[in-house]
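We name chains A, B, ... by the order of the sequence lines, and we start the count at 1 in each one.
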Number of protein chains: 2
Amino acid sequence: MQQPLAPGEKASASATRHWEGHSSVYGLTMTPTPAPGRTVLQDDSAERILDAAAALFIEGGYEGTSVSSIAKSTGMTAAALYWHFPSKIDILFAVLERDVREGYAEVEKAVRSQEPRQRLREYVDAFVRQQIREAETRNFSYSTLISSLPQELRQEMLKLGAPYIDLLRGILTSGREAGVFEFADVRVTAFAISTMCEYVFTWFRANRSLSQDAVCALYTDLAVRMVSTPPAL
Amino acid sequence: MQQPLAPGEKASASATRHWEGHSSVYGLTMTPTPAPGRTVLQDDSAERILDAAAALFIEGGYEGTSVSSIAKSTGMTAAALYWHFPSKIDILFAVLERDVREGYAEVEKAVRSQEPRQRLREYVDAFVRQQIREAETRNFSYSTLISSLPQELRQEMLKLGAPYIDLLRGILTSGREAGVFEFADVRVTAFAISTMCEYVFTWFRANRSLSQDAVCALYTDLAVRMVSTPPAL
DNA sequence: CCTACCGATCGGTAGG
DNA sequence: CCTACCGATCGGTAGG
């Protein structure tokens with residue numbers, strides 16, 4: 001059972017906390033633990049922090065954003081943030097985690113056809129559209145912010161992206177079973193298509209002459225070509 | 001004429017400097033200017049700084065690497081670095097610039113066939129092999145370090161990568177003229193293939209079961225499929 | 001290139 | 001005794 005903390009006592013990292021998510025891997029001392037039983041999701045302060053942090057990280061990167069600037073943007077003090085999150089890096093992780101989920105939900109919703117080739121088109125179109133939309137208004141994409149995470153947390157983020165890649169693998173596999181797709185390796189092919197889409201933002205801004213729709217259409221065709229049978233080898 | 005600087009006096013940013021390359025875009029004050037007339041290329045100190053900085057940036061990222069750690073690694077003091085480079089960001093830029101050139105030279109050397117399809121295979125194989133090799137030993141790839149550059153310098157880096165993409169465009173165009181390739185847009189297709197190859201590192205480490213050769217072969221086939229005629233649509 | 005430092009700001013913590 | 005913070009400042013370190 002969790003004991004109430006005496007005034008001034010430090011909570012250990014293993015203590016039950018009202019915030020969810022990752023426990024800091026650093027040996028940092030924690031702010032006093034509030035009573036357990038509440039969740040962040042009932043508390044919109046945490047959501048407001050994530051909103052502010054997301055905007056600032058996207059604008060200036062992780063290291064280019066101070067804790068106090070996040071605090072100012074939410075109308076709190078810097079110290080108050082540490083009641084909601086154990087460290088700055090946990091804020092980044094939570095921001096990315098939320099974005100991965102929202103991004104996946106959007107793509108999943110767009111994929112509604114039952115025909116594999118059409119499903120693949122819907123997947124690529126939604127994915128590329130999402131990435132381009134982000135690239136247009138952001139200095140730092142979520143993809144590049146991941147590199148600010150320490151090794152361990154980066155691995156955890158990769159796992160969170162699994163549904164994304166699993167959806168694509170499912171499309172490819174069902175297409176192969178239906179005889180419309182043909183490819184040598186599901187995993188590599190899925191990763192290839194996925195990274196191709198994810199990193200459109202690295203070049204899109206530099207070529208403003210192209211419309212969003214045009215790039216989506218071109219990428220969709222390229223992806224379909226990569227897996228369609230008979231292969232043109 | 002350049003006046004000798006009194007002790008403690010700061011050189012203006014417009015003073016003649018013996019180092020080459022980009023002038024800092026920040027309004028930072030500079031360390032005292034040495035006598036003009038020497039070049040960095042005759043000075044292997046600058047090369048040693050770049051070697052040390054490259055290793056440290058790759059290990060800990062840009063913000064995770066202090067100027068003094070670069071200095072220590074080269075056997076200099078932190079202040080001494082500022083005789084060779086105007087700022088920390090200029091060191092990163094020089095590191096990336098050198099790598100882009102070396103990386104391009106390697107790919108260019110690998111592309112020797114005259115047959116377009118084989119040329120594309122050689123290009124993709126060399127590119128992917130290079131990226132995987134880097135991914136195996138590095139925490140931060142050069143591609144992710146680019147995101148630590150401010151907007152202006154990031155644009156300059158993109159320009160430095162032009163030969164890379166131009167080589168690929170040339171391959172695609174000659175293949176189209178020879179009637180073996182067919183695609184809708186040279187620029188987008190080249191970018192799609194290029195980013196697909198460049199960002200192998202984002203997933204390769206997590207899937208150690210695959211060999212370097214296997215991934216190269218699979219990616220080569222995927223790229224050829226993307227542009228081969230007749231398209232399997 | 002070194003020694004000797006600066007202005008500022010960093011992430012995080014204190015008691016209340 | 002709780003949740004939700006505040007005003008002030010900590011020890012270190014950054015780039016220059």
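Judged by a 6.0 Å distance limit and a 45° cone about the ring axis, Arg133(A) is not positioned over the six-membered ring of Phe201(A).
Per the geometry, CH2 belonging to Trp83(B) stands 14 Å off C1' belonging to dC2(C), to the nearest Å. Straight-line distance from the CG atom of Leu92(A) to the P atom of dG11(C): 12 Å, rounded to whole Å. When the P atom of dC10(C) is taken as reference, atom CD1 of Ile89(A) falls 16 Å away, rounded to whole Å. To the nearest angstrom, C1' of dG15(D) lies 17 Å from NE2 of His84(B). Straight-line distance from the CD1 atom of Ile49(A) to the C1' atom of dG12(C): 15 Å, rounded to whole Å. Protein atom CG of Leu81(B) is 11 Å distant from nucleotide atom P of dG16(D), rounded to whole Å.
Every side chain to side chain contact (heavy atoms under 4.5 Å, CB included) that Arg154(B) has, sequence neighbours left out, goes to Phe140(A), Ile146(B), Leu149(B), Gln151(B). Qualifying salt bridge (Lys or Arg N to Asp or Glu O under 4.0 Å) partners for Glu108(B), counting only residues two or more places apart in sequence or in other chains: none. Asp185(B) pairs by the salt bridge (Lys or Arg N to Asp or Glu O under 4.0 Å) definition with nothing, not counting sequence neighbours. For Asp166(A), the salt bridge (Lys or Arg N to Asp or Glu O under 4.0 Å) criterion is met by no residue, not counting sequence neighbours. Checked against salt bridge (Lys or Arg N to Asp or Glu O under 4.0 Å), Glu134(A) has the following partners two or more places apart in sequence or in another chain: Arg138(A).
Applying a 4.0 Å cut-off to non-hydrogen atoms, the residues of residues 58-65 of chain B that approach DNA chain D are Thr65(B), listed by residue number.
For residues 51-62 of chain B, the set of pairs meeting the salt bridge (Lys or Arg N to Asp or Glu O under 4.0 Å) definition, not counting sequence neighbours, comprises Asp51(B)-Arg98(B). Residue pairs satisfying the ring-ring contact (aromatic ring centres under 6.0 Å, His included) criterion with at least one member in residues 58-81 of chain A, sequence neighbours excluded, are listed as follows: Phe57(A)-Tyr62(A).
Taking a pair as Watson-Crick or G-U wobble with both distances under 3.5 Å, DNA chain C forms no stem of 3 or more consecutive pairs.
Within 4.0 Å (heavy atoms only), Ser66(A) reaches sugar-phosphate atoms of the nucleic acid but no base atom.
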